[in-house]
Each structure stands twice: as C-alpha cells, then as structure tokens.
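One is the number of the first residue; the rest follow in order along the sequence.
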Amino acid sequence: MAVKGMQQRVLVFSLDQIVRQGLAGRFRSSFFSRPMVWGPNQIAQLFDSLARGFPVGQLVVYEAPASAQDVELGGVTIHAPEDPNAWLLIDGLQRLSTLIGAWNASDTSPYAVCYDLEQQRFVSGPARHPLMLPVPAAVHQTRLEEWLEDRPFLSEEEKADLHTLSSTLINYNIPVTVVMNLGDDRYELFKRLNQSGASLTKTDIERAQSRSEERPTGLQGIAHSVEAQGFGRMSAEVVASCVVAAAKGGREQLPPAGPDVLYAYETMSHAEQTKAEHRARQVLGRVIDYVRQTARIPHLRLLPQPEALVALVRVFAHCQHTDDPRARELLRRWVWRADSSPQTIETAYTPVAPTAFAEAQRLLAAAPQYKVRRYHADLSAINLSSAAGRLNALGMLHAWPVAVATNPMGVPAGFPLEAPQALTPWLDSGAGVFSPFIPKSYGQRLSLGYFLLHPSAPAERLREGLLALADSDITAVHHHLFDEHQIQLLREGRLLELIEQRERTLQGAIDKRVQSFARWGFREGRRPTLTDTFKDLNGPTDN
C-alpha cells in the first residue's frame, strides 16, 4: 500500500555539486542517522570506485523545513541557515561525509586520501612521497596545476592522466532521491533501507564467488561475463581467440580469428576447455582493468584494433613481469597505435617474448612505422568501422561531452556521455557515435566537422541544444570542442565557416589526445634514463 501523500523525485548531481551543496548547508543529519563508521580502507575504496566508474549508490533524503543549525559532515562544521526545503539524510551519510571530508582534508584528517601514481591506486592517509596526489589537489583545478608545476619531471602523458582523473572525480554523477510528505514513516523508510537485509558474511561472499565460477562455461558465458563488466559484447571468434591464447603456450602460433580458432577451441577435450575457460576469465579480468585504467579506453568498440585484446591476453597469460611500469607504458603505446594492417594483426597471433617488456618491444617493432613523429587525425573517418574513426571518438570523448538533446538512448540533456551509465548502454547497442549537427548537403566533402560525439538526434535539435547549452553556461560547450566564436558562427548560420574552424579545433584536440598515448617518435628500445625523461618532455626524438 502506498504511503498516503508521499512523493519522490530523482535528481542527478556531479560530485562537485554534491559537495558544494553540502558545504552550503543543504544536507542535514537526521536524528536516526548512524554515526560515521567507515574506516580508512573504505574511504580509499570509495574513491577507487569513483575513478573506475563503478556505481556507488544513491543518496536518499527527506525534504522538510529545518531551522538554522551547525551540521558536521566529514569533520567539517557547517553553519546551515534556516531552509524551508532542507534535505534530511535518510541513506548515504557515510558516502556524503567521506566526499566532503576528503574534498577538504588536511594531512591530519582521518578522511585524507591520495592517488598514488606509483601504485596507480588510491590509498588512505596523507601524501608520503612526491608521486602521491591528495584528493583536495585533484578536485580543485588551481591546486592541481600548482601540484603539477612543482613536479616538472612528470611526462605530458602522466599529466594528461591526472587531468582525466580529476575530471572523472569532479564530474562523476550520483543520483539523489528526494522524498516528500513522508510524515511519521521516515524511520520506517530508514530501517528498510539500512536494516531489512542481513549483512553479508565472509561465507556469503565466498559462496557468491563460487557461484560466479560455477556459471555455465563456454564462449557465451565468457562473453556474458565481459559484457556484465560494461566492457562490451565480444563475438564468438574473439572470445575463442582469447580462450585459445590463454590456454596455449606463449611459444605457439595461434590460429587467426574465424573458423580456424573456433575449430581449435571445439577440438579441445572437455577438461581442456574447462581449464582454458577458467584461465581466460581470470586473464580477461586483468586485461580489461589494464585497458580501462592504463590505456584509458572504456569500451571494446573503441579499441583501435580489436585483435589487440588477444595480444594482451597472451601477454598477461604467458609473459613475466606484467607489472613492470615501463612494459605497461610501451604496451599502452602499442594499443593506441594498433590498426588493421596485416603486420599488426599477424603479430597478435605469433609467439610472444618471455617478458612483458620484451613483448611490448616486439609488438611496437611490428607496428606500422609511417607516423615517424606525431599523430595526425583522419577527419574523414566518421564511424567506428576503422581504427581512425575509433581514435577520433576517443579524442572527442576526452573532452567529456554532454547530451545536448533528447535521443533514442534516453540520455537526458546535460548528462555526461562518458559516464558509464550512458556510455556503456550506448555502445552496447551498436548505435553510431557521431551524429551530424549540420546538414550533410553543406560543402563539397563530409568530415568530422559536421558531427558531434552524440547519440543520434535530428541535426536541428542538436543545434538548438548547443545554443541552449551556450546560453546557460558558455564554458559547457567546450565539452563538445566548441569555442565562443564558433558558437557565434552557429547563431549566425555561417555554417561553412564553422565547419572549417571546427575541423581545425578537432584536429588539434584529437591529435594531442592520441599522441599523448601512442607517443609516435618517442624512445622505445630501452628503459629511459633521467636524461631521456627530460628529453621526452621537450618533444619526440628521431631515434
């Protein structure tokens, strides 16, 4: 039976907006809220989840009048003014306190947490060496720039990674369910949200893991597991290639994707298949983490070359020292350089070197060498059918574009398209990622300058959405790689001029993003010395 008169609405805010509202006194602790019970590990895990794009739950609040009072959240005392529509926390106090506390933490705060560049993960406590970035520096642009300026030894790529991390944290979206007219049922709602389920015991977790391992085997089961991680849908041939790659020794030649690899899988005994599938699941989990976190490619459809996945499975299954930072860096370069050339595809299936570093060198040596100094985007690639098109999408995605119009994917206007809640179902659907905002009849040739990275929507509606976005916040259009002058050209209908200028903007942005990861022209043949590092910072060499 519905609670009489109760209403609710769901709002979505970025974490930066959530913290700002908290510091302004919008949120209040309700009398039945539990005290802060999270420890350092849980605080670090929350930020790790945010950086990975994992769901972290919603905040549930009760909207009601509240008098002026002092509120303590995250170790910060906030003077909250009288508010006829204050938000009393019913569920989410631990998360909100952690966010507010970490956003403003001093070195002595129990909420202090840092991103450790050496370990590539969040750790609790204050910075203990120069490569630990405190969260307050990561989420405040001025502090981040000051922190980076004090570390001239960081590469441009590392700086770009930290800017990406900063954007991910600041713009991560979290829903807030606002309940109204709840009356005396507030406590009942709190109890059901927090106490109706029994806590998971260690046995429960182990049983869940066991059940996960007991899911049906076979190629379809592995494909389903990868899709459930939000990394995309794999074809049977690609899954079979990964299974065979994980099973066969590193010195064996693999059959290419297609009938041959399916035959190799099907001719295994049942015991061999079961062992190979289990091994492939384990290795694919590590590979997907690597591709997302280190290579910064969020989805299978955006891999410049799908065969790169098979090559990485072989590296992580058969090569030693896969945690070697230099090897991981060179592998990242190769992933971003890999294209559909015969030598790239063939190399993915030939025997691997004994160490990850040596294998990364081998893969890079076999990659096409025609880009001798820097990447130059092909703006005629306007779909995901080519490596150039996928690189264009990755370059545009880096600007954190937002939805500007209603669309078949149901992504609301203003919602970041790179957020997993939007990007994963969008790419999983197989829909195109480039949508024209200018009629294709303009001009003599079609280029990326006509398109937004956006779910399909009528061109006129996209133009209207861009202008509305510019009216509300002119800096917001930067997320679609527009500047103020280009928006003015759009207002005036000077579309040919707009296309020409937009092509230059896109060229520069995509080139910079791809080059920061592919690093054409940089040293690869040996581990860099300190001198090499400073030379790399000044630009590529001809070695």
Apply side-chain hydrogen bond (donor to acceptor under 3.5 Å, both in side chains) to the pair Gln515 and Asp511, showing each step before the final yes or no.
CA-CA 6 Å; Gln515 177 64 17; Asp511 288 359; over 6 Å; no
Using side-chain heavy atoms (C-beta onward) and a distance below 4.5 Å, is [X] in contact with [Y]?
X      : Y      : answer
Leu15  : Asn171 : no
Met132 : Tyr115 : no
Ser166 : Leu144 : yes
Val261 : Leu254 : no
Ile288 : Leu300 : no
Glu418 : Thr168 : no
Asp161 : Phe517 : yes
Leu489 : Leu495 : no

If you round to the nearest 0.5 Å, how far is [atom2] of [Y] from [atom1] of [X]?
X      : Y      : atom1 : atom2 : value
Arg504 : Leu379 : CZ    : CG    : 12.0 Å
Ile438 : Leu490 : CD1   : CG    : 7.0 Å
Trp520 : Tyr375 : CH2   : OH    : 9.5 Å
Leu131 : Gln119 : CG    : CD    : 11.0 Å
Gln501 : Glu497 : CD    : CD    : 7.0 Å
Leu309 : Ile297 : CG    : CD1   : 10.5 Å

CD of Glu272: more than 12 outside heavy atoms within 6.0 angstrom?
yes
When Phe231 is tested against each of Thr424, Leu284, Leu427, Val291 for side chain to side chain contact (heavy atoms under 4.5 Å, CB included), which residue passes?
Val291
Closest non-hydrogen atom pair between [X] and [Y], with its separation:
X      : Y      : value
Ala393 : Leu384 : CB-CD2, 3.9 Å
Gln486 : Leu481 : OE1-O, 3.6 Å
Leu462 : Ser435 : CD1-OG, 3.4 Å
Leu448 : Ala381 : CD1-O, 4.0 Å
Phe122 : Ala44  : CB-O, 3.8 Å
Arg328 : Thr294 : NH2-OG1, 3.4 Å

Could you go through the side-chain hydrogen bond (donor to acceptor under 3.5 Å, both in side chains) check for Thr350 and Gln253 one step at a time?
CA-CA 5 Å; Thr350 53; Gln253 177 82 24; 5.4 Å; no
Apply side chain to side chain contact (heavy atoms under 4.5 Å, CB included) to Leu417 and Leu453, showing your working.
CA-CA 9 Å; Leu417 295 171; Leu453 185 78; 5.6 Å; no
After noting the C-alpha distance and the side-chain angles of Trp336 and Leu303, does the key distance pass the side chain to side chain contact (heavy atoms under 4.5 Å, CB included) rule?
CA-CA 8 Å; Trp336 279 75; Leu303 269 175; over 6 Å; no
Within the side chain of [X], is there an N or O that forms a donor-acceptor pair under 3.5 Å with the backbone of [Y]?
X      : Y      : answer
Trp426 : Val433 : no
Tyr172 : Asp16  : no
Asp428 : Glu227 : no
Arg279 : Ala317 : yes
His299 : Arg292 : no
Glu158 : Ser155 : yes
Arg233 : Gly430 : no
His454 : Val404 : yes
Ser516 : Arg513 : yes
Glu359 : Ala353 : yes

Under-4.0 Å salt bridge between [X] and [Y]:
X      : Y      : value
Asp339 : Arg390 : no
Glu156 : Lys159 : yes
Arg463 : Glu460 : no
Glu277 : Arg281 : no
Asp48  : Arg52  : yes

Phe482 six-ring face occupied by Arg502 cation (under 6.0 Å, within 45°)
yes
Sequence neighbours left out, cut at 3.5 Å: what donor-acceptor pairs do the side chains of residues 235-243 make with other protein atoms?
unit_1, atom_1, unit_2, atom_2, d
Ser235, OG, Val238, N, 3.2
Ser241, OG, Glu237, O, 3.0

Only one of Lys512, Arg333, Arg519, Arg296 clears salt bridge (charged side-chain N to carboxylate O under 4.0 Å, His left out) with Glu157; which?
Arg519
Go through the steps for Glu503 and Gln507 under the test side-chain hydrogen bond (donor to acceptor under 3.5 Å, both in side chains), then give the verdict.
CA-CA 6 Å; Glu503 285 176 348; Gln507 189 81 60; over 6 Å; no
Check the pair Arg314, Lys248 against side chain to side chain contact (heavy atoms under 4.5 Å, CB included), reporting the backbone distance first and the verdict last.
CA-CA 9 Å; Arg314 301 193 80 196; Lys248 287 184 175 290; 5.9 Å; no
Show your working on side chain to side chain contact (heavy atoms under 4.5 Å, CB included) between Leu117 and Leu154 and close with a plain yes or no.
CA-CA 10 Å; Leu117 275 73; Leu154 293 178; 4.0 Å; yes
Steps toward ring-ring contact (aromatic ring centres under 6.0 Å, His included) verdict (Tyr290, Phe316)
CA-CA 10 Å; Tyr290 172 81; Phe316 281 81; 5.6 Å; yes
Parallel, tilted or perpendicular: which one describes the rings of Phe451 and Phe434, with boundaries at 30° and 60°?
perpendicular
